[in-house]
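Okay, structure first, notes after.
Numbering starts at 1 and runs along the sequence shown.
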Amino acid sequence: MRNINANVFKTLRQVFAISAAMFLLRHGNIAAEEELTGKLVLTGSSTIAPLASELGKRFEKQHPKVRVDVQTGGSSRGVADARKGLAEIGMASRAANDDEKELKFFTIATDGVCVILNKDNPVQALTDEHVAKIYTGKITNWKDVGGNDAPITVVNKAEGRSTLELFCHYYKLKNSDIKAHVVVGDNEQDIKTCAGNANAIAYVSIGTAQSDADEGVAIKLLPMNGVDATVENVRLGKFPLSRPLNYVLKSEPTGLPKAFIEFSQAKEQYDIVKENFFVPLGK
């Protein structure tokens, strides 16, 4: 009889433990979700901004008490705002510079940078030398590189844009060397300028350009050193000019910023990364 009572007691204890665990699992998750409240501000790279916005919308659906505010302004703004505490998360479409080692960089995807032209421009490719000479004013007419007899409209990025830094570094130029006719901020301004001007040349995010070209915007992406400017070639490591897309923080993240970073890096969000024509972390 004593053994039977002991067994019954043991069984009841196990049932209670399982029930308690299920209760905590069910209600604990709800409580954990409710802990994430408030507004999360991200500023910086116009390349990352559309991706961060889409990630933010999905994050808000999972956490209804959270609002994610994404603002552009360039990678330099993102880094500066993160450093000064003006934004919880900065966005920088480049790696950390030597004077930024105290900041925390978290990569969420990879992108490439390519030269774009108007879709009707007959030029199909340019050498690195051609691009450098066009941007420094040594080549001023498309006929000198196999195109129409027409003056070249050089479109350059504004100071503080990481795409400008990468472009100048790759082509061994200084921004002061560039003879620009038009200076713009974000990628969409470059793309609109080239789409509306048959003689314009610009350089932009491959992800943004490929997305717009697929939607019918009148631009084309030029190959670099014989390698087509595609997201796939960036993924394979073949394209010569690629870069990490980073979140930047002043210190190790906690709370809401930490949750959003982990969410952005998770495999479950790779579909959003791919839909924005970037390469996810897992490739």
Side-chain angles (χ1 to χ4, degrees), residues 35-57 59-60 63 66-113 156-170 173-176 183-190 203-205 207-208 241-266 269 272-273 276 278-281:
E35 287 177 3
L36 291 178
T37 62
K39 185 177 180 180
L40 183 64
V41 177
L42 292 82
T43 67
S45 167
S46 62
T47 297
I48 301 175
L51 172 60
S53 294
E54 291 302 312
L55 291 168
K57 290 175 184 176
F59 191 75
E60 288 175 347
H63 306 284
V66 172
R67 289 295 173 264
V68 180
D69 179 14
V70 179
Q71 305 171 17
T72 58
S75 294
S76 291
R77 179 193 174 185
V79 170
D81 284 358
R83 178 176 271 149
K84 295 175 183 177
L86 299 177
E88 286 84 4
I89 298 176
M91 300 178 291
S93 47
R94 59 166 174 77
N97 291 329
D98 290 340
D99 61 347
E100 298 165 351
K101 299 301 184 182
E102 84 282 6
L103 300 175
K104 307 300 179 183
F105 280 63
F106 299 88
T107 301
I108 61 169
T110 305
D111 184 31
V113 173
N156 195 35
K157 291 281 192 183
E159 286 282 0
R161 303 285 173 166
S162 65
T163 314
L164 168 64
E165 295 177 28
L166 290 164
F167 180 84
C168 288
H169 181 266
Y170 179 83
L173 302 175
K174 295 179 181 178
N175 192 26
S176 58
V183 177
V184 299
D186 61 34
N187 290 303
E188 290 298 342
Q189 290 177 309
D190 288 274
Y203 54 93
V204 297
S205 153
T208 306
L241 191 49
S242 63
R243 57 182 175 173
L245 304 183
N246 288 316
Y247 288 157
V248 186
L249 287 89
K250 186 176 183 180
S251 58
E252 286 295 337
T254 59
L256 185 54
K258 183 175 186 292
F260 187 68
I261 291 169
E262 292 175 349
F263 174 88
S264 298
Q265 293 177 324
Q269 276 54 259
I272 294 180
V273 176
N276 280 267
F278 298 126
V279 178
L281 296 179

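Among Asn187, Asp186, Asp111, the one residue that satisfies the side-chain hydrogen bond (donor to acceptor under 3.5 Å, both in side chains) test with Thr47 is Asn187. Considering Ile48, Ile108, Ile89 as possible partners of Ser264, the one that fulfils the side chain to side chain contact (heavy atoms under 4.5 Å, CB included) test is Ile108. Among Ser93, Ser205, Ser76, the one residue that satisfies the side chain to side chain contact (heavy atoms under 4.5 Å, CB included) test with Ser162 is Ser93.
With a 6.0 Å radius and a threshold of 12 heavy atoms from other residues, nucleotides or ligands, Lys101 has its NZ atom above the threshold.
For Glu60 (side chain) and Val68 (main-chain N/O), a donor-acceptor pair under 3.5 Å exists by modelled atom type. Side chain of Glu88 to backbone of Val41: a donor-acceptor contact under 3.5 angstrom is found. Side chain of Gln71 to backbone of Leu42: no donor-acceptor contact under 3.5 angstrom is found. In this structure, Asp81 contributes its side chain and Thr43 its backbone to no donor-acceptor pair below 3.5 Å.
You'll find the side chain of Leu281 reaches within 4.5 Å of the side chain of Thr107, heavy atoms only. In this structure, Tyr203 and Leu241 have side chains that are not in contact, with every pair of non-hydrogen atoms separated by 4.5 Å or more. Side-chain contact between Asn97 and Val79: absent, with no pair of heavy atoms (C-beta onward) separated by less than 4.5 Å. Using a 4.5 Å heavy-atom cutoff, the side chains of Leu40 and Asp69 are not in contact. Between Met91 and Val248 there is no side-chain heavy-atom pair separated by less than 4.5 Å. Side-chain contact between Val183 and Lys157 is absent, with no heavy atoms from C-beta onward closer than 4.5 Å.
If you check the side chains of Arg77 and Ser45, you find no donor sitting under 3.5 Å from an acceptor.
Remark: Leu256 CG to Thr37 OG1 distance equals 7.5 Å, nearest 0.5 Å. Phe278 contributes atom CZ, which lies 10.5 Å from atom OG1 of Thr110 (distance to the nearest 0.5 angstrom). Atom CZ of Arg161 and atom OG1 of Thr163 lie 8.0 Å apart (nearest 0.5 Å). Atom CZ of residue Phe106 and atom CD of residue Gln265 lie 7.5 Å apart, to the nearest 0.5 angstrom.
We find that Lys250 and Glu102 are not joined by a salt bridge, their nearest charged nitrogen and carboxylate oxygen being 4.0 Å or further apart. Note on Arg94 versus Glu100: salt bridge recorded, some NZ/NE/NH1/NH2 to OD/OE distance being below 4.0 Å. Ion pairing between a basic and an acidic side chain is recognised when a charged N comes within 4.0 Å of a carboxylate O; Glu262 and Lys258 show such pairing. Glu54 has a carboxylate O that lies under 4.0 Å from a charged side-chain N of Lys57, or vice versa, which qualifies the two as a salt bridge.
The shortest non-hydrogen separation linking Leu166 to Arg243 is CD1-CD, 3.2 Å. Closest non-hydrogen pair, Leu51 versus Val273, comes out as CD1-CA, 3.9 Å. Nearest heavy-atom pair across Ala49 and Thr72 is CB-CG2, 3.5 Å. Across all non-hydrogen atoms, the minimal contact from Ala95 to Phe105 is C-CE2, 4.1 Å.
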>> Let's go through Phe59 and Phe260 carefully: what are the C-alpha distance in whole Å and the side-chain angles of both, what is the deciding distance for ring-ring contact (aromatic ring centres under 6.0 Å, His included) to 0.1 Å, and is it a yes or a no?
In response: CA-CA 7 Å; Phe59 191 75; Phe260 187 68; 5.2 Å; yes
